[in-house]
Q: 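Sending over a structure as structure tokens; questions will come in a sec.
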Amino acid sequence: MKKFYITTPIYYANGQPHIGHSYTTIAADVHARYHRLRATPVLFATGTDEHGQKVAHSAQAQGMTPQEFVDNIVGSFKQMWQRLHISYDRFIRTTDPHHMAAVQHIFSQLRESGDIYLGEYEGWYCVPCETYLAEVELVDGCCPECGRPVEQVTEQAYFFRTSAYTDRLLEHIESHPDFIQPKSRRNEVLSFVKEGLRDACVSRNRMEWDIPVPGDESQSIYVWFDALINYLSQVGYPDKLDEFNRWWPPQIQIVGKDILTRFHATLWPAMLMALDLPLPDVLFAHGWWITDSGDKISKSKGNILDPYEVALELARISTATTAVAVDSLRYFLLRQITFGLDGSFSWRALLARFNADLANDLGNLLNRTLPLVERYLNGVIPEPGPGAGELSDEIDHARTKFEHELVHSDFSAALTAIWELLSSANKFLDTRGPWALHKDAKQVELEAVIYDVLDCIRVVAIMIEPFMPKVSDEIWQQLGLQSAQIEKRWEDCRALKLPSDITIAPGRPIFPRVDIKRAMDQLQAESEEQSEPTAANTISIDEFKQVELRVGTIVEAHRIPGADKLLRLMVDVGESDTRQIVAGIAQQFNPRELLDVQVIVVTNLEPATIHGVESHGMILAAGADEPEALVITDSKCPPGTIVR
RNA sequence: GGCGGAGUAGCUCAGUUGGUUAGAGCGCGCGGUUCAUACCCGCGUGGUCGGGGGUUCGAAUCCCUCCUCCGCUACCA
């Protein structure tokens with residue numbers, strides 16, 4: 001049986017939903033709605049990723065328990081999706097018990113099969129230098145720095161054997177040209193995989209707000225391993241196999257380009273191969289919306305746009321209803337730029353689309369046709385009669401093109417197909433001139449022409465439903481099809497399917513035209529008013545407080561072999577252990593001159609591995625590109641002293 | 001630093017395997033129409049296709065080189 005399973009990423013529950021989340025989700029919604037119109041069973045799944053240190057931290061900062069914190073965020077997401085007319089079927093949370101059970105189950109299963117192994121952090125260690133060294137860094141088997149012999153060490157962590165799947169993955173990508181889209185991303189992934197995949201560390205030292213490794217309470221399961229499994233657990237894996245088999249695999253998984261290469265296009269398929277499950281048909285990575293710097297009107301509270309705020313503003317400017325404004329924004333986001341590429345948001349572009357495409361071409365077609373029905377046909381849809389169906393070819397062409405473009409998620413091209421049809425309809429109305437036919441008393445011909453145009457509007461209403469569901473409903477209503485309880489079905493996107501003898505119900509213009517020049521002046525004025533006290537890139541005191549700064553004393557400094565810009569520092573920040581920090585200051589400072597220097601350290605930065613060396617913090621230094629001077633204290637302070 | 005992509009009309013972009021006068025939408029100008037939200041329809045405006053060199057009977061399209069922007073990646077945590 002045919003089915004359509006589509007996913008968005010599950011969004012990290014660390015902050016409010018923004019335009020990036022919304023863009024992904026709206027795109028997925030379009031696919032889902034389109035397939036529902038085609039009467040294909042659809043499962044459209046989204047959700048939230050709720051584990052990890054960052055969530056625990058943010059919760060603490062706001063004086064909440066992690067659970068309270070994520071519950072609150074989940075509320076915001078669900079509200080946003082409702083406001084943006086998102087028709088998701090499932091909303092999974094990684095804190096759902098059945099998901100957590102699934103993650104542990106899969107972890108155990110892969111550990112039994114040998115795909116997950118308790119890793120020995122294959123490395124060498126120089127005791128005097130306290131340095132971890134990779135095989136390639138050794139000089140004659142000894143420490144490259146002090147020349148003394150090194151010891152082999154094993155730090156325990158669980159690894160997933162990604163490397164074992166490099167060849168199979170490569171083969172799969174090459175034999176499935178549509179697996180990763182768009183093409184440019186596919187090429188990137190290919191070159192990434194060709195370098196060879198490294199085994200992924202899938203556990204961390206135990207944190208409270210994580211899923212524990214089964215049978216090993218000292219470790220937690222890595223959040224990405226946890227998160228990716230949502231795509232399986234939300235369709236019933238592993239205990240509801242009937243349901244699972246019905247939906248698996250996904251027809252398309254939409255992700256942002258930032259999480260494609262490392263996660264969805266490598267780790268994720270490797271996990272599925274290890275579980276012996278089919279891979280998704282398509283992974284589609286889309287681009288970003290950035291605010292247009294040449295257009296200062298973007299709200300000055302930082303550059304993250306709240307899509308609902310934008311819609312409310314559009315509603316205010318245009319006097320359209322909020323639902324129509326939301327749909328207009330949905331239209332704009334998917335029409336303006338090619339899905340997959342980056343684009344910049346500007347009010348001018350949004351308003352231009354609103355006027356030209358929505359108000360003029362679509363809205364006005366409806367608004368010039370309905371009065372004709374009222375005037376010449378007593379407000380009742382006529383019989384098609386002989387000669388009707390003249391727009392049949394145009395309708396078929398638009399439908400076919402739309403279907404073709406949507407296969408490749410080219411939303412913009414799909415919408416272009418609809419607008420070509422609208423253009424044909426407008427032209428048809430002009431050339432046939434029902435008002436002239438009426439004067440000449442050619443009633444039969446007049447009815448045929450009006451029928452054809454109404455029929456065409458009906459088809460357009462169906463075709464725009466995935467993009468603008470509420471607008472579609474409104475047009476349906478005005479055509480009288482709502483009250484007549486006619487359903488929208490994709491198969492009815494053909495000529496001569498409009499029922500007759502239905503009384504139309506004209507309403508106010510759906511898209512009230514905007515005076516763009518005036519609107520821009522107004523927005524500009526408001527924007528200046530608001531941005532007066534705060535410059536464009538300010539942050540609040542609360543945001544600043546999230547950065548934890550402490551005084552630290554450098555107790556050791558070493559060069560890192562093979563890296564000419566990096567130093568490995570051991571810094572005392574008042575904790576029981578000194579911290580290892582990697583700093584890109586080797587070309588400006590000698591290791592020796594740094595000893596006992598007191599610097600300022602960002603202590604709550606997430607750890608990172610740089611050139612194979614773990615770094616647990618950041619040293620502050622002046623200089624935009626190159627570090628020019630270290631930030632130091634002017635008198636001795638105890639290590640660990642808070643800086644603010 | 002490495003790999004990749006892109007630079008085409010005022011703006012946003014199409015341009016398939018090199019082939020007659022380089023296209024669309026928006027904007028702008030003119031005309032038509034009057035059913036309509038100063039809308040719609042038609043016509044027009046506008047580009048030495050990033051610079052330079054080369055291959056070819058012929059290049060936006062292939063090759064070389066330079067410039068600019070972007071993405072991924074890497075020793076900027």
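Throughout, a chain's letter reflects where its sequence line sits, starting with A, and its residues are numbered from 1.
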Q: B:U73 and B:C28: how far apart are their P atoms, nearest whole angstrom?
A: 43 Å

Q: Taking 4.0 Å as the cut-off, does a side-chain nitrogen or oxygen of A:R508 come that near to OP1 or OP2 on B:A36?
A: no

Q: Can you identify which nucleotide, out of B:A77, B:C35, B:C72, has its nearest atom closest to the A:L429 side chain?
A: B:C35

Q: For the residue pair A:H404 and A:H408, does the interplanar ring angle fall in the parallel (under 30°), tilted (30 to 60°) or perpendicular (over 60°) class?
A: perpendicular

Q: Does B:U33 have a Watson-Crick or wobble mate here (both distances under 3.5 Å), and if so which one?
A: none

Q: Of the listed nucleotides (B:C35, B:U37, B:A74), which one gets closest to any side-chain atom of A:P509?
A: B:U37

Q: If the cut-off is 4.0 Å, is A:N355 near the phosphate of B:U37, judged by side-chain N/O to OP1 or OP2?
A: no

Q: Quick check for you: among B:C41, B:G71, B:U73, whose closest atom lies nearest to any side-chain atom of A:N426?
A: B:C41

Q: Checking contacts here: which listed nucleotide (B:U37, B:U34, B:A77) is nearest the side-chain heavy atoms of A:W435?
A: B:U34

Q: Does A:D361 reach a base, just sugar-phosphate, or nothing at all? Heavy atoms under 4.0 Å.
A: sugar-phosphate

Q: For B:C75 and B:G54, measure between their C1' atoms and round to the nearest Å.
A: 40 Å

Q: Counting heavy atoms from C-beta on, name the nucleotide in B:A36, B:A77, B:G71 closest to the side chain of A:V582.
A: B:A77

Q: Picking from B:A36, B:G71, B:U37, which would you name as closest to the side chain of A:F511?
A: B:U37

Q: Which nucleotide, B:C35, B:C26, B:U37, lies nearest any side-chain atom of A:D430?
A: B:C35

Q: Side chain of A:K427: nearest nucleotide among B:U37, B:A77, B:C41?
A: B:C41

Q: Under 4.0 Å between a side-chain N/O of A:T431 and OP1 or OP2 of B:G42, yes or no?
A: no

Q: Rounded to whole angstrom, note down the P distance from B:A14 over to B:U8.
A: 10 Å

